[in-house]
Chemist: 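Below: one structure in structure tokens.
If you're wondering where the values come from, they're calculated on a predicted model, not measured in any experiment. Every heavy atom of this structure was used, including side-chain atoms; hydrogens, water molecules and symmetry mates were not.
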Amino acid sequence: MTGRFDCAVIGAGVMGCATALFLARGGMRVVLLDRGPICRQASGVNAGTLTMQMTRAALIPYALRAWEMWMRAPEWLDGGDVLARARHGLSVAFTEQEAALLEERARARRAAGAPIELVGPARAREIEPGLNPSVRLAGHCPIDGFASAYLTGRAFRAALLNAGVDLREGRAVEGIDPGFVLRTAAGPIPAARIVLAGGVWLEPMAAWLGVRLPIKTLVNQVVVTERQPRVMSTVLGVASGLLSLKQYENGTVLIGGGWQGIGDRENGPIAVRPDSFLGNVRLAAYTIPALREARVARGWLGLEAQTADALPAVGPVPGAGGAWMIGGVHSGYTSGPYLGRLLAQAMLGQAPEMELFPIDRLLHKETA
Ligand SMILES: Cc1cc2nc3c(=O)[nH]c(=O)nc-3n(C[C@H](O)[C@H](O)[C@H](O)COP(=O)(O)OP(=O)(O)OC[C@H]3O[C@@H](n4cnc5c(N)ncnc54)[C@H](O)[C@@H]3O)c2cc1C
């Protein structure tokens, strides 16, 4: 018998794990439940890019703080490591249209605090000599990098247990009865407050509370090459956002960028689309020509959640006092730890360092 928890966090991705960790460190008795293993959905299969160049301008101040947290992960994860590495980042434009897009996005992100400067082809190829010479313009950000996302769960697990979080993996929550009593196959779990942290499953979770929150499901593809000699040292993207590329220390190159596969929230990721696969690797090999010689080791898919404005849903659930929510942001791996810390601050009654992202703006409104 566990008694009543101060807080039940439902969903052990990066958002739920970070929230649970900082709540427990703030003195709450926390249970963290996931229907599968910790960080095995989006938070364990993503491309691991920790970047300002893919982050929406309004989120840049948060992502900058989150980037710092990732780079110092072993300090606040009790030695847990996601092998975060700081690198220079380049977002490149090959066409006039991409150059215009790049200028506009770089301006907005710079205004929000990201140290992005526009550089011409010569400087871009000085920073990344392997880059295709046909590059016209690049956004250069010295604060970029990557982590190994599949290490996220292992890195969080020890810190969560040290902080006293009751971590229950393989424990699906089936619904919520009045008074925040969680329904599970192993019996009811009562809590004084709850946090919904379900990634793409935030929408059905919100429905448990009678709240209609539309969440878009993206079926993102990632491809990894076999190990090979060094072909690049930066984190590379293209202005359209359809590429993220980096080479790990073991020589493998990870190719992402949100090309879509087949799947949905109900059935999970089902299959890679051949045209997406080819489009993704061709763009990578165009951007870094040495990749034409690379051999693909494998590709996989994961489900990314996105709210209507691609900004986070972080805050109290309207009309459901004691229920909170976190997630739904584009490129949420980068900002996850900081958003979790902010939510925990608010729930602990402290003034959060930065504003949360109210849920009201996202709720489905019936039209007459
Ligand atoms: C392929 C891919 C590549 C990406 N690349 C990047 C990138 O390079 N950089 C970046 O910043 N972001 C990237 N993202 C986005 C990033 O991964 C997500 O924004 C982030 O991981 C979301 O974390 P989360 O905790 O909200 O969701 P998740 O990690 O999906 O966690 C939600 C958890 O809820 C659990 N759950 C659901 N229903 C229940 C239930 N009923 N009971 C109990 N548990 C439940 C699930 O099992 C899951 O573990 C990528 C995403 C994908 C899919």
Chemist: Please answer whether the main-chain N or O of Asp6 pairs with a side-chain N or O of Arg193 as donor and acceptor at a distance below 3.5 Å.
Modeler: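 It does hold such a pair.
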Chemist: Going through the checks in order, is the side-chain contact (heavy atoms from CB on, under 4.5 Å) test met by Trp208 and Ile10?
Modeler: CA-CA 12 Å; Trp208 293 335; Ile10 311 170; 4.1 Å; yes
Chemist: Donor-acceptor pair, distance only, cut-off 3.5 Å: does the side chain of Arg341 make one with the backbone of Gly336?
Modeler: no
Chemist: Counting N and O atoms only, with roles assigned by atom type, does the side chain of Gln53 sit under 3.5 Å from a partner on the main chain of Ala106, one being a donor and the other an acceptor?
Modeler: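 Checking the backbone N and O of Ala106 against the side chain of Gln53, no donor-acceptor pair under 3.5 Å is found.
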Chemist: Which atoms form the tightest heavy-atom contact between Cys39 and Gly13, and what is the distance?
Modeler: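 Nearest pair, atom of Cys39 first, then Gly13: SG-C, 3.8 Å.
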Chemist: Mind checking the OG1-CG spacing from Thr19 to Leu32? Nearest 0.5 Å is all I need.
Modeler: 9.0 Å
Chemist: Please answer: with hydrophobic residues joined when any side-chain heavy atoms are less than 4.5 Å apart, are Leu90 and Met52 in the same cluster?
Modeler: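 No, no single cluster joins them.
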Chemist: Rounded at 0.5 Å granularity, tell me how far CZ in Arg109 sits from CD in Glu104.
Modeler: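 One finds 10.0 Å between CZ of Arg109 and CD of Glu104.
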Chemist: Could you go through the salt bridge (Lys or Arg N to Asp or Glu O under 4.0 Å) check for Asp78 and Arg25 one step at a time?
Modeler: CA-CA 12 Å; Asp78 299 349; Arg25 287 189 180 157; 3.3 Å; yes
Chemist: Side-chain heavy atoms under 4.5 angstrom apart, residues restricted to Ile, Leu, Val, Met, Phe, Trp, Tyr: same cluster for Leu245 and Leu137?
Modeler: no
Chemist: Pair Ile127, His140 - check side-chain contact (heavy atoms from CB on, under 4.5 Å), show working.
Modeler: CA-CA 9 Å; Ile127 298 166; His140 170 225; 3.7 Å; yes
Chemist: To check you understand the geometry: which heavy-atom pair defines the closest contact between Leu356 and Ala346, and what is its length?
Modeler: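 Taking every non-hydrogen atom into account, CD1-CB, 3.7 Å.
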Chemist: How many angstroms lie between atom OG1 of Thr234 and atom CD of Glu128, to the nearest 0.5 angstrom?
Modeler: 3.5 Å
Chemist: Step by step, would you call Phe22 with Leu343 a side-chain contact (heavy atoms from CB on, under 4.5 Å)?
Modeler: CA-CA 9 Å; Phe22 291 110; Leu343 180 59; over 6 Å; no
Chemist: I'd like to know if the side chain of Arg295 reaches the main chain of Arg227, judged simply by a donor and an acceptor atom lying under 3.5 Å from each other, with no hydrogens or angles considered.
Modeler: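 Not a single qualifying donor-acceptor pair exists.
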Chemist: Take Trp259 and Leu283, measure what side-chain contact (heavy atoms from CB on, under 4.5 Å) needs, and give me the verdict at the end.
Modeler: CA-CA 11 Å; Trp259 290 69; Leu283 183 56; 4.2 Å; yes
Chemist: Are any side-chain N or O atoms of Glu304 and backbone N or O atoms of Ser331, one a donor and one an acceptor, separated by less than 3.5 Å?
Modeler: yes
Chemist: Just checking Trp67 against Tyr338, ring centres under 6.0 Å apart?
Modeler: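 Ring centres of Tyr338 and Trp67 not closer than 6.0 Å.
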Chemist: Say you draw a straight line from CG of Asn280 to CZ of Arg273; how long is it, rounded to the nearest 0.5 Å?
Modeler: 13.5 Å
Chemist: Indicate yes or no: at least one non-hydrogen side-chain atom of Arg154 is less than 4.5 angstrom from one of Val82.
Modeler: no
Chemist: Could you check if a side-chain atom of Arg265 sits within less than 4.5 angstrom of a side-chain atom of Pro204, using non-hydrogen atoms only?
Modeler: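 Answer yes - side chains close enough.
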Chemist: Kindly compute the distance separating OG (Ser335) from CG (Leu311), expressed to the nearest 0.5 Å.
Modeler: 9.5 Å
Chemist: Under 3.5 Å, is there a donor-acceptor pair between the side chain of Gln345 and the main chain of Glu353?
Modeler: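 Judged by distance alone, yes, a pair lies under 3.5 Å.
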Chemist: Answer yes or no: does atom CZ of Arg110 have more than 12 heavy-atom neighbours from other residues, nucleotides or ligands under 6.0 Å?
Modeler: yes
Chemist: I need the minimum non-hydrogen distance between Pro318 and Asp360, along with the two atoms involved.
Modeler: CG-OD1, 3.8 Å
Chemist: Decide, yes or no, whether a salt bridge links Arg65 with Glu68 under the criterion of side-chain N to carboxylate O below 4.0 Å.
Modeler: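 Between Glu68 and Arg65 there is no salt bridge, as every charged N stays at least 4.0 Å from the carboxylate O atoms.
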Chemist: Taking the side chain as C-beta and beyond, is there a heavy-atom pair between Ile194 and Ile176 under 4.5 Å?
Modeler: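 Yes; the side chains approach each other to less than 4.5 Å.
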Chemist: Can any side-chain N or O of Ser148 pair as donor or acceptor with the backbone N or O of Tyr150 at less than 3.5 Å?
Modeler: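 Between the backbone of Tyr150 and the side chain of Ser148 there is no qualifying donor-acceptor contact (under 3.5 Å).
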Chemist: Taking Glu169 for the side chain and Ile38 for the main chain, is one N or O donor matched with an acceptor at less than 3.5 Å?
Modeler: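 Pair found, side chain donor or acceptor close to backbone of Ile38.
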Chemist: CD of Gln41 to CZ of Arg35: how many Å apart, nearest 0.5 Å?
Modeler: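 Answer rounded to 0.5 Å: 6.5 Å.
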Chemist: So, for Trp324 and Pro316, which heavy atoms are closest and what is the spacing to 0.1 Å?
Modeler: CE3-N, 3.5 Å
Chemist: Do Leu131 and Ile116 sit in the same hydrophobic cluster, where Ile, Leu, Val, Met, Phe, Trp and Tyr count as joined when their side-chain heavy atoms come under 4.5 Å apart?
Modeler: no
Chemist: Does atom CD of Glu174 have more than 12 heavy-atom neighbours from other groups under 6.0 Å away?
Modeler: yes
Chemist: Tell me whether the count of non-hydrogen atoms from other residues, nucleotides or ligands lying under 6.0 Å of CD in Glu293 goes above 12.
Modeler: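 At most 12 heavy atoms, drawn from other residues, nucleotides or ligands, come within 6.0 Å of this atom.
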Chemist: Pick one: which of Thr252, Asp144, Thr49 meets side chain to side chain donor-acceptor pair (under 3.5 Å) with Lys246?
Modeler: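 Testing each of Thr252, Asp144, Thr49 against Lys246, the sole residue satisfying side chain to side chain donor-acceptor pair (under 3.5 Å) is Thr49.
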Chemist: Please check if atom CZ in Arg282 has more than 12 non-hydrogen atoms from other residues, nucleotides or ligands closer than 6.0 Å.
Modeler: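 It does not: Arg282 CZ has 12 such atoms or fewer within range.
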Chemist: Ion pair present between Asp309 and Lys216, side-chain N to carboxylate O less than 4.0 angstrom?
Modeler: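 No, Asp309 and Lys216 are not salt-bridged.
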Chemist: Considering all heavy atoms of both residues, which atom of Phe5 and which atom of Asp166 are nearest to each other, and what is their separation?
Modeler: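 So the minimum-distance heavy-atom pair works out to CZ-OD2, 3.6 Å.
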Chemist: Using 4.0 Å as the upper bound for N to carboxylate O, is an ion pair formed by Asp34 and Arg171?
Modeler: no
Chemist: Answer yes if the side chains of Asn132 and Thr287 hold a donor-acceptor pair under 3.5 Å, and no otherwise.
Modeler: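 No.
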Chemist: Honestly curious: do Ile326 and Leu167 fall in one hydrophobic cluster under the side-chain, below-4.5 Å linking rule?
Modeler: yes
Chemist: Under the salt bridge (Lys or Arg N to Asp or Glu O under 4.0 Å) criterion, do Arg87 and Glu249 qualify, and how do the steps go?
Modeler: CA-CA 12 Å; Arg87 295 283 185 270; Glu249 278 152 15; 3.4 Å; yes
Chemist: Do Arg183 and Ile189 make a side-chain contact, defined as non-hydrogen atoms from C-beta onward lying under 4.5 Å apart?
Modeler: no
Chemist: Taking the side chain as every heavy atom from C-beta outward, state whether Glu226 and Val296 have any pair of such atoms under 4.5 Å apart.
Modeler: no
Chemist: Please confirm whether the backbone N or O of Val14 pairs with a side-chain atom of Ser43, one donor and one acceptor, at under 3.5 Å?
Modeler: yes
Chemist: Leu363, Val314: one ILVMFWY side-chain cluster at the under-4.5 Å cut-off?
Modeler: no
Chemist: Would you say Val9 and Val30 make side-chain contact, with heavy atoms under 4.5 Å?
Modeler: yes
Chemist: Using every non-hydrogen atom in the two residues, find where Leu102 and Ala93 come nearest and quote the distance to one decimal.
Modeler: CD2-CB, 4.0 Å
Chemist: Counting heavy atoms not belonging to Glu355, are there more than 12 under 6.0 Å from its CD?
Modeler: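 Check fails, neighbour count at 12 or below.
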Chemist: Tell me yes or no: between the side chains of Gln221 and Gln260, is some donor less than 3.5 Å from an acceptor?
Modeler: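 Looking only at side-chain atoms, Gln260 and Gln221 do not form any donor-acceptor pair under 3.5 Å.
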Chemist: Thinking salt bridges, do Arg136 and Glu98 make one under a 4.0 Å N-O criterion?
Modeler: no
Chemist: Between the side chain of Thr55 and the main-chain N/O of Thr51, is any donor-acceptor distance below 3.5 Å?
Modeler: yes
Chemist: In terms of ring plane angle, is the pair Trp70 and Tyr333 parallel, tilted or perpendicular, where the classes change at 30° and 60°?
Modeler: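 If you compare the ring of Trp70 with that of Tyr333, the planes turn out parallel.
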Chemist: Is the closest side-chain heavy-atom distance between Pro115 and Ile143 below 4.5 Å?
Modeler: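 When only atoms from C-beta onward are counted, Ile143 and Pro115 do touch, with a gap below 4.5 Å.
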Chemist: A side-chain contact here means heavy atoms from C-beta on lying under 4.5 Å apart; do Leu339 and Phe357 qualify?
Modeler: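 Yes; the side chains approach each other to less than 4.5 Å.
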